[in-house]
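Let me begin by presenting the structure, written as structure tokens, before commenting on it.
All values derive from a computational prediction rather than experimental measurement.
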Amino acid sequence: NNGHVTTHCHSEAVLMITKCSSVNSVLFYLPWLYTSLVSAKKLNLPWWAFPSALALITQLFGTPYEIQGPAFDWWRYNDVDVANGALMERVFGMPLMGALFHPAMGWALGMSTLFL
């Protein structure tokens, strides 16, 4: 832990941003979000359905990654309750509430592309 309240800590990597965050943890999102965005755009959905479709696609791409991370020691989730119990209930080692990050990020990206 780097002295801050964290939900997870990444394994050591060649390039680290902080003690618990690798450059890979940031760079991973660029191709993942781009692929999700292009996939959702190719569906030619109405404007109002696009953000939700993008949220679903980012969830479908993100869930296997989130489940594999702790299994392959890419990162570990804290066993300390830092979120009032929200991250303590887990499926395959992944916090259930943590999984909501991916569709929320996809939905926000979808909404932002509508207005930019």
Side-chain angles (χ1 to χ4, degrees):
N1 187 324
N2 58 8
H4 301 286
V5 176
T6 60
T7 58
H8 64 286
C9 190
H10 288 259
S11 298
E12 288 291 322
V14 174
L15 296 172
M16 298 293 288
I17 296 172
T18 67
K19 185 178 179 186
C20 281
S21 185
S22 66
V23 172
N24 175 54
S25 67
V26 176
L27 295 179
F28 165 75
Y29 290 103
L30 298 174
W32 169 47
L33 290 174
Y34 176 77
T35 303
S36 298
L37 183 64
V38 170
S39 298
K41 288 260 187 209
K42 287 185 180 257
L43 294 174
N44 294 318
L45 296 171
W47 69 268
W48 50 267
F50 176 73
S52 296
L54 184 53
L56 178 61
I57 292 170
T58 56
Q59 181 68 34
L60 293 173
F61 281 142
T63 298
Y65 179 74
E66 288 292 339
I67 291 172
Q68 290 175 8
F72 289 111
D73 290 328
W74 296 337
W75 63 81
R76 60 180 158 66
Y77 290 107
N78 289 343
D79 291 328
V80 178
D81 183 10
V82 296
N84 295 325
L87 299 174
M88 297 311 287
E89 191 167 338
R90 302 184 180 180
V91 173
F92 300 112
M94 178 182 68
L96 290 177
M97 290 299 288
L100 294 178
F101 170 74
H102 300 294
M105 187 170 53
W107 188 84
L109 178 62
M111 288 300 288
S112 69
T113 61
L114 293 177
F115 298 108
L116 294 178

Only pairs under 3.5 Å count here: list side-chain donor-acceptor contacts from residues 28-40, not counting sequence neighbours, and write none if there are none.
| from | atom 1 | to | atom 2 | distance (Å) |
| --- | --- | --- | --- | --- |
| Thr35 | OG1 | Pro31 | O | 2.7 |
| Ser36 | OG | Trp32 | O | 2.9 |
| Ser39 | OG | Thr35 | O | 2.8 |

(request) Could I get the full list of ring-ring contact (aromatic ring centres under 6.0 Å, His included) partners for Phe72, not counting sequence neighbours? (result) Trp74
(request) Name all residues meeting the ring-ring contact (aromatic ring centres under 6.0 Å, His included) criterion together with Phe101; count only those two or more places apart in sequence or in a different chain, and write none if there are none. (result) none
(message) Under the criterion side chain to side chain contact (heavy atoms under 4.5 Å, CB included), I'd like the reasoning laid out for Met111 against Phe50: C-alpha separation, chi angles, the key distance, then a yes or no.
(response) CA-CA 8 Å; Met111 288 300 288; Phe50 176 73; over 6 Å; no
(request) Measure the spacing between CG of Leu109 and CG of Leu114 and express it to the nearest 0.5 Å. (result) 9.5 Å
By side-chain contact (heavy atoms from CB on, under 4.5 Å), which residues pair with [X], not counting sequence neighbours?
{"X": "Leu60", "result": "Leu56"}
{"X": "Ala104", "result": "none"}
{"X": "Leu100", "result": "Met97"}

(message) Filter on side chain to side chain donor-acceptor pair (under 3.5 Å), then keep only pairs touching residues 42-55, sequence neighbours left out; what's left?
(response) none
(message) Going by side chain to side chain donor-acceptor pair (under 3.5 Å), name the pairs with one or both residues in residues 101-116, residues two or more places apart or in two chains.
(response) Glu66-His102
(message) So which atom in Ala53 and which in Leu45 form the shortest heavy-atom distance, rounded to 0.1 Å?
(response) CB-CD1, 3.3 Å
(request) Kindly give the heavy-atom pair with the smallest separation between Pro103 and Ala55, and that separation in Å. (result) O-CB, 3.3 Å
(request) Just jot down the side chain to side chain donor-acceptor pair (under 3.5 Å) partners of Thr63, sequence neighbours excluded, or say none. (result) Gln59
